[in-house]
Amino acid sequence: FFCKFLILFLSFSTFIDVAKSLPKDKLGHKNNVFAEKEKSEIKLYKLGVGDQITVDIKLIKNLTLSVLPDGTINLPRVGSLYIKDLSINETKNLIKKSYSSILRNPEVYVNLIATRPILITISGEVQKPGIYSLDLNRLSTIRNSDDGEGSNIKGSGWPTVVDAIQKAGGLTTYADLRSIKVSRFNKGSLLEPQYINLANLIAGKSIERLEPIYDGDSINVPKAESIKMKNLFELSRSNIAPANITVNVIGEVKIPGMHTIQSNSTITQAIFAAGGFNRRANKKVKLIRLKSNGSAVTKNILFQIDGKLSSETYPALKDRDTIFISRNFWSSANDKLQDAVKPINPIVNSYSLYKILNND
């Protein structure tokens with residue numbers, strides 16, 4: 001009998017130990033927006049105006065509360081509590097302390113069930129720098145700085161740097177993806193900036209995890225010191241840069257005018273989009289590029305049907321570039337001759353008519 005009792009006692013003790021090690025079932029846990037997140041991320045999130053939480057306390061069940069414009073929530077018997085800028089854990093401890101004078105050892109569970117949109121600032125080499133609002137379900141449009149061609153991208157879940165870049169219209173061709181800076185304040189103090197290398201992630205060279213961004217974060221995309229053609233190709237194929245650009249092809253082509261082509265295309269592709277050269281064309285091409293300050297730079301380029309991208313000899317095209325194709329020598333000389341004799345044509349024609357009339 002003693003042996004059986006000992007075995008039952010040990011079995012029950014083991015069961016109690018295992019039960020203690022299991023996470024407690026919290027009311028509303030399945031609705032917690034952080035249910036699938038790591039604990040470190042929950043600790044980082046600071047509650048703010050518009051957030052919704054559930055509070056479960058002994059004898060007080062299923063409380064759903066919104067953080068009011070003054071940063072407070074109202075609880076039965078303890079009244080108003082200021083929880084703005086507190087984490088979920090800090091809010092839990094504050095509620096527990098407030099009820100300690102009423103209840104003995106109150107058990108408090110707090111879950112975040114709906115979040116407010118977060119406001120972030122993004123600057124640098126993005127199409128539309130500015131202040132943006134991001135929430136758990138969003139629609140972003142990747143487009144060029146002239147608000148031309150664009151593509152819509154849907155996003156869900158907690159936003160990251162990629163979502164912020166997409167919301168700002170995508171990256172410019174001058175963006176340095178290797179050192180995107182994220183600055184964050186915590187209770188008035190600036191934390192150590194975080195640097196993200198998106199180039200490695202896009203190229204599949206890193207398995208680094210993108211961390212969430214939070215309300216008040218500031219993101220800066222620096223300008224690259226040098227542009228590599230390989231990086232441009234990778235950027236144009238990604239979902240954080242415009243897929244197409246609009247260029248103006250004028251001069252001796254079959255279909256002059258504005259044409260939409262793939263980002264980082266060559267001059268050859270732009271000329272083909274314009275129907276190719278006409279019979280009067282010269283293979284000397286002029287590239288006219290508008291700068292952000294309103295001025296323009298001009299570059300003479302020798303057309304090569306198999307020309308490969310090169311920053312110097314055969315640059316990748318950018319949005320709003322103009323390509324001018326001049327006339328060949330014979331067409332130019334013929335046009336000049338026609339222009340020279342054009343003023344005397346009426347005189348010649350009148351004299352010819354006079355001769356015909358006199359012969360009659």
Residue pair [X] / [Y], side-chain heavy-atom distance below 4.5 Å:
X	Y	result
L47	I73	no
I180	N220	no
I325	N282	no

> Do any N or O atoms from the side chain of S265 and from the backbone of I261 form a donor-acceptor pair under 3.5 angstrom?
Replying inline: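 Answer holds: no.
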
> Under 3.5 Å, is there a donor-acceptor pair between the side chain of D51 and the main chain of G48?
Replying inline: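 A pair under 3.5 Å: yes.
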
Rounded to the nearest 0.5 Å, what separation is found between the [atom1] atom of [X] and the [atom2] atom of [Y]?
X	Y	atom1	atom2	answer
K181	Y195	NZ	OH	4.5 Å
S98	L81	OG	CG	4.0 Å
L134	T115	CG	OG1	10.5 Å

Is [Y] paired with [X] through a side-chain N to carboxylate O contact shorter than 4.0 Å?
X	Y	result
D321	R289	yes
D163	R138	yes
R116	D135	no
E252	R280	yes

>> Tell me whether the rings of Y214 and W158 are parallel (<30°), tilted (30 to 60°) or perpendicular (>60°).
In response: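 Geometry flag for W158 against Y214: tilted rings.
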
